[in-house]
Amino acid sequence: MTNPKTDIRERPAYGLAEAARYIRLAPATLRSWLLGRAYPKAKGIATFQPLIKPALKQPLQISFYNLIEAHVLQSLRIDHQVAIKEV
């Protein structure tokens with residue numbers, strides 16, 4: 001349960017698919033940015049660390065501020081071609 005005193009912009013408000021649609025991003029990419037993921041490398045498994053802390057992990061929901069963070073990150077990656085390592 002969220003704290004009623006929490007700023008409304010910080011409260012869980014959007015599901016993964018809805019948020020991804022709003023910012024025109026693949027849901028799998030947004031999920032990786034929110035939760036991180038493991039991926040194979042030549043010498044085993046590596047981990048991509050989350051870039052955005054979601055408002056709620058179970059069930060996964062993001063806040064308005066999270067949506068803005070994801071939108072800015074998407075813009076940096078796609079429109080300005082900034083590598084994740086540089087973010």
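Keep in mind it's a predicted model, so treat the numbers as computed, not measured.
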Checklist entry - Quick one: OG1 on T29 to CZ on R37, what's the gap to the nearest 0.5 Å? => result 8.5 Å
Item to check | N/O donor-acceptor pair under 3.5 Å between N66 side chain and I52 backbone | outcome: no
Checklist entry - Does one hydrophobic cluster hold both Y22 and L56, with members joined at side-chain heavy-atom distances below 4.5 Å? => result no
Checklist outcome for this item: Correct closest heavy-atom pair for K41 and A46 would be CD-CB, 3.2 Å
Checklist entry - Distance from Q81 atom CD to E86 atom CD, nearest 0.5 Å? => result 11.5 Å
Checklist entry - Any idea which heavy atoms bring A20 and A26 closest together, and the distance? => result CB-C, 4.3 Å
Checklist entry - Got a sec: does the CD1 of I45 have more than 12 other heavy atoms crowding it under 6.0 Å? => result yes
Item to check | Distance in Å, Q74 CD paired with H80 NE2, rounded so as to fall on 0.5 Å steps | outcome: 9.5 Å
Checklist entry - Could you state the interatomic distance from CD1 (I62) to CG (L67), rounded to the nearest 0.5 Å? => result 5.0 Å
Checklist entry - Do you reckon V72 sits in the same ILVMFWY cluster as I23, going by side-chain contacts under 4.5 Å, direct or chained? => result yes
Next on the checklist: Do S63 and R9 have side chains that approach each other closer than 4.5 Å (heavy atoms only, starting at C-beta)?
Outcome noted: no
Checklist entry - Can you name the salt bridge (charged side-chain N to carboxylate O under 4.0 Å, His left out) partners of R77, sequence neighbours left out? => result none
Item to check | Worked check of side chain to side chain contact (heavy atoms under 4.5 Å, CB included) between L51 and V87 | outcome: CA-CA 9 Å; L51 302 172; V87 174; 5.8 Å; no
Item to check | Test item: side-chain donor near acceptor, E69 and Y65, under 3.5 Å | outcome: no
Item to check | Flag side-chain contact, heavy atom, 4.5 Å: T47 against Y39 | outcome: no
Next on the checklist: Is there a side-chain contact between L16 and L34 in this structure, where contact means two heavy atoms from C-beta onward sitting under 4.5 Å apart?
Outcome noted: yes
Checklist outcome for this item: Taken to the nearest 0.5 Å, the spacing of W33 CH2 from F48 CZ works out to 8.0 Å
